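Presented below is the structure to which this report refers.
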Amino acid sequence: MIRVLVWNEFKHELTSETVKAVYPDGIHEAIAEFLGKEDDIEVKTAYLDQENCGITKEILDETDVLIWWGHMAHHLVPDAVATLVRDAVHEGMGAIFLHSAHHSKPFKALMGTSCNLTWRETGDSEIVWVIDPAHPITRGIDRCFKLEHEETYGEPFTIPNPDKVLLIGNYSGGEVFRSGVLYERVNGKIFYFQPGHETFPTFKVPEVQTIIKNAVRFVAPTYRTKIDCPHVRNIDDSEGYVIVKK
Ligand code: ZN
């Protein structure tokens, strides 16, 4: 089983009637609902207002894939929590950052850049184009799919050059945006996926759900280990190639 933790800021759903109407139980529960129907996926959720944001080292140790949605309260996530997430990814945990999580502390810690973009909330439609149809994350998606409304995100997106660009969004207002990008950081795989503005039912769109399910399976760890800095003997040492101390 792939153990998934869906983390949501869970603020808009409590303060905006528009968002509450779309996601009455929160974006995290909407994502957990469709992932939970998969035989090979086990889902838990966490959100900002829980103790320590619902994130501890122990919880991350038992998480194969962390999914993160945040927007208005990135600053309320303690730096220590972002560091825990970054370190868990370096050890091998998979991570999926959705929509406005491009500005979340854990994503920026993993990218090392501002992760800025251009944006507009005018209800543009978006065509999400598959750039890499051979990739496991785009399996089951046609050449493209259309979202009736999304927040417009445009280039330049100040991320490091991705290992792979899988999807590009094209908005009715004209912009294009790298909507699905992949990274590896030490042992961990990271997928950033742009759709998912809180006022639109994007997470109920079948293609969006397919991509998130595929991504969970793709970024799930194949190797995970504690990252340390051991002091070791020479391989020809009479006492053998052993760790002297950590
Ligand atoms: Zn948004």
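Numbering starts at 1 and runs along the sequence shown. Being a predicted model, the structure only gives us computed values, none of them experimental. We count ligands from 1, going down the list as the structure has it; atoms in each ligand are counted the same way.
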Problem - Name of the residue among His71, His99, Arg120 meeting side-chain hydrogen bond (donor to acceptor under 3.5 Å, both in side chains) with Glu151 - result: His99

Exercise for the section: Taking side chain to side chain donor-acceptor pair (under 3.5 Å) as the test, write out the residues that go with Lys204, two or more places apart. Expected result: none

Handout entry: Protein N, O or S atoms under 2.8 Å from the Zn ion (ligand 1)
Key = 3

Exercise for the section: Flag the pair Glu38 and Arg217 as a salt bridge only when some basic side-chain nitrogen lies within less than 4.0 angstrom of an acidic carboxylate oxygen. Expected result: yes

Problem - Between Tyr192 and Phe107, ring centroids under 6.0 Å - result: yes

Problem - Salt bridge Lys11-Asp49, side-chain N to carboxylate O under 4.0 Å - result: yes

Handout entry: Minimum heavy-atom distance between Val89 and Ala95, given as atom pair plus value
Key = CG2-CB, 3.9 Å

